[in-house]
Amino acid sequence: MPEGPELHLASLYVNKMCEGLVFSGSVEKSDVNKNPEVPFCCDAYCIKAQSRGKEVILTLTPIKNDDDGKRKVAKRQSQQPMDVVFRFGMSGFFRFTSVDDLPKHAHLRFYTNENPCRVLSFEDTRRFGSWHPNGTWQKDRGPCVMFEYESFRENVLSNLSDKTFDKPICEVLLNQKYFNGIGNYLRAEILFRLQIPPFVKARTVLEGLVLQDEEKKKVKKEITVVESTDKTGKKGVKAETPDLLSLCHTVPLEVVQLGENGYAPAKGKYSVLQAWMQCYCVDGMNSLGDHNGRTIWFNGDPGPMVPKGAKSRKIMWKRQKDDHDYTDSKKAKKTCTDSTAKAKPAKKKDNIKVKKENATSKTQNASKRQKKTTKKVNVAPADENKKPKTRGKRSPKVLPKTGTNTIKSQRVEEVNKTKRNSVTCRKSATKAKPQRKRSGTQGGRSSK
DNA sequence: CGTCCACGTCTAC
DNA sequence: TAGACCTGGACGG
């Protein structure tokens with residue numbers, strides 16, 4: 001699930017798994033993938049990762065060996081570190097496995113120098129992901145919402161005259177020039193926290209924050225003074241009521257806090273993140289296609305700038321095929337679909353509706369709603385409606401049930417393996433996995 | 001079987 | 001503002 005938090009978790013994952021390991025040889029690319037080869041080759045190198053917004057950089061650093069440095073000069077060894085910039089598209093992520101467990105869609109592979117060697121691979125089922133050898137953070141992407149918060153905020157607030165802010169807030173939130181790291185589920189969760197209708201003009205929502213920030217700066221000194229003097233138990237500082245931009249920072253960080261459960265494709269997987277979601281794909285919420293054809297999830301009013309003909313979407317929320325064992329989570333999922341969706345929303349205020357409406361009436365409603373809307377917006381940071389969570393029937397977690405799980409999954413692996421050779425890797429099938437030793441380049445790993 | 005949908009960019013009328 | 005780029009899961013007939 002590659003939005004900012006997942007990219008960051010990916011970088012943590014890489015650093016954790018690769019710490020202290022020595023990688024060796026050349027970087028291998030699958031044949032089907034159209035991204036460039038990574039022209040890096042070294043007997044001994046290490047891998048480190050960092051993230052910024054929706055990008056990850058892997059740094060491949062040759063490990064110096066003073067002794068034989070000269071002897072090996074002959075070979076075409078990379079002497080300099082290389083940065084490779086990754087964007088994950090819709091399905092990219094990193095995995096570290098044994099060679100035998102090489103995943104089906106491992107499109108870029110880094111091998112360790114271990115005896116049965118292991119592999120760090122960039123897996124990307126849909127191949128929308130990209131990598132760029134000797135790359136840099138993409139120009140035109142803004143500061144990271146998670147780790148460059150101040151400049152992120154500054155970048156938005158000092159550019160509100162940009163016509164991009166004429167658009168609905170939900171669409172602007174996907175603009176990586178200003179919101180590097182926000183993606184489709186985050187925009188829904190963020191707007192939901194403040195109950196901001198998705199189709200309100202972005203500038204309208206953000207204008208207020210400019211003054212707000214300036215006030216803060218003025219008052220800041222006072223505050224710090226106050227804080228230092230009166231030490232009322234709390235740590236102070238954090239007290240600020242959240243606004244849209246601060247939530248663009250804290251909400252993704254919440255996901256990072258969930259940890260690799262949200263990322264590691266191994267186990268319960270999505271269940272944790274899914275349980276965390278309050279809006280995106282949540283039963284009882286509304287959904288509409290935005291002007292770019294992306295589905296926005298929200299609660300209550302859509303706001304005035306709804307695209308003509310926008311239709312509500314159905315959920316087809318995957319349930320990470322752990323096959324077996326989910327006995328009733330399966331039912332839960334079905335519930336999620338829609339028929340029952342009607343049944344449950346009893347809880348919400350009562351102003352919902354929208355859901356299955358048709359375009360025509362919608363626009364009309366929209367104008368009518370506008371007042372309500374704007375009112376809401378102004379009231380937004382109220383922090384009172386903070387907990388509307390209908391929360392009810394999130395999926396019941398799916399606990400792993402380890403025993404069966406492992407066995408089963410192993411079996412699955414076997415199947416995949418055989419399949420893999422014939423299908424995914426086709427051309428590459430020959431060198432598919434174990435004997436991946438690029439004849440020409442250099443003998444490398446297995447030999448020694 | 002076919003259709004729709006998916007956590008994202010890109011570039012071409 | 002549409003497609004294009006891809007694979008695969010869920011669902012409908």
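Every value quoted in this text rests on a predicted model; they were computed, and no experiment measured them. Residue numbers start from 1 in every chain, and the chains themselves are labelled A, B, ... in the order their sequence lines are given, proteins ahead of strands.
Distances shorter than 4.0 Å separate none of the side-chain N or O atoms of A/Arg294 from OP1 or OP2 on B/dT9. Contact check, A/His291 against C/dA2: no side-chain N or O comes under 4.0 Å of OP1 or OP2. Between A/Arg126 and C/dG8, a side-chain N or O to OP1/OP2 separation shorter than 4.0 Å is absent.
Between A/Asn292 atom CG and B/dC10 atom P there is a gap of 15 Å when expressed in whole angstrom units. A straight line from NZ of A/Lys177 to C1' of B/dG8 spans 18 Å, rounded to a whole angstrom. Here the C1' atom of nucleotide B/dC5 and the CG atom of A/Leu288 are 16 Å apart, to the nearest Å. Across the protein-nucleic acid pair, A/Asn184 atom CG and B/dC5 atom P stand 13 Å apart, rounded to whole Å. Remark: C1' of B/dA6 and CD of A/Glu6 are 14 Å apart, rounded to the nearest angstrom. The interatomic distance linking A/Phe179 (CZ) with B/dG8 (C1') rounds to 17 Å, in whole Å. For the pair A/Arg127 CZ and B/dC10 C1', the computed distance is 17 Å after rounding to whole Å. Taking atom CG of residue A/Leu186 and atom C1' of nucleotide B/dA6, one finds them 16 Å apart after rounding to whole Å.
To the nearest whole angstrom, the two P atoms, one in C/dG9 and one in B/dT9, are 24 Å apart. For the P atom pair drawn from B/dC13 and C/dC5, the interatomic distance equals 12 Å after rounding to whole Å. Rounded to whole Å, the separation between the C1' atoms of B/dT11 and C/dT7 comes to 22 Å.
In summary, the aromatic rings of A/Tyr178 and A/Phe165 are positioned with their centroids under 6.0 Å apart.
Salt bridge A/Arg193/A/Glu254: present, at least one basic N to carboxylate O contact under 4.0 Å. We find that A/Glu148 and A/Arg52 are joined by a salt bridge, their nearest charged nitrogen and carboxylate oxygen being less than 4.0 Å apart. Using a cutoff of 4.0 Å between basic side-chain nitrogens and carboxylate oxygens, A/Lys167 and A/Glu171 are not scored as salt-bridged.
Judged by centroid separation below 5.5 Å and plane tilt below 30°, A/Phe128 stacks onto the base of B/dG8.
Taking the six-membered ring where the residue is Trp, A/Phe122 and A/Phe86 present tilted rings, their angle falling between 30° and 60°.
Checking B/dG8, B/dC10, C/dG8 against every side-chain atom of A/Lys104, the shortest atom distance belongs to C/dG8. Distance from the side chain of A/Gln176 is smallest to B/dT9 among C/dG8, B/dG8, B/dT9.
For the pair A/Leu9 and A/Val255, the tightest heavy-atom approach, listed with the atom from each and the gap, is CD1-O, 4.1 Å.
Contact annotation for A/Thr295: backbone-only contact, meaning every heavy-atom pair under 4.0 Å involves sugar-phosphate atoms and none involves a base.
Rounding to the nearest 0.5 Å places CG of A/Leu21 at 6.5 Å from OG1 of A/Thr112.
Contacts between residues 131-149 of chain A and DNA chain B, defined by a heavy-atom separation under 4.0 Å, are made by A/Gln138, A/Arg141.
Partner of A/Asn180 under the side chain to side chain donor-acceptor pair (under 3.5 Å) criterion, chosen from A/Arg141, A/Glu55, A/Gln138, A/Lys54: A/Arg141.
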Quiz item: Under the salt bridge (charged side-chain N to carboxylate O under 4.0 Å, His left out) criterion, do A/Arg87 and A/Asp124 qualify, and how do the steps go?
Solution: CA-CA 10 Å; A/Arg87 258 157 266 146; A/Asp124 184 10; over 6 Å; no
Quiz item: Does the side chain to side chain contact (heavy atoms under 4.5 Å, CB included) test come out yes or no for A/Val84 and A/Thr59, once each step is laid out?
Solution: CA-CA 6 Å; A/Val84 186; A/Thr59 304; over 6 Å; no
Practice problem: Would you write the dot-bracket representation of DNA chain B, where each base gets (, ), [, ], | or . depending on whether it forms a Watson-Crick or G-U pair under 3.5 Å and with which partner? | Solution: ||||||.|||||.
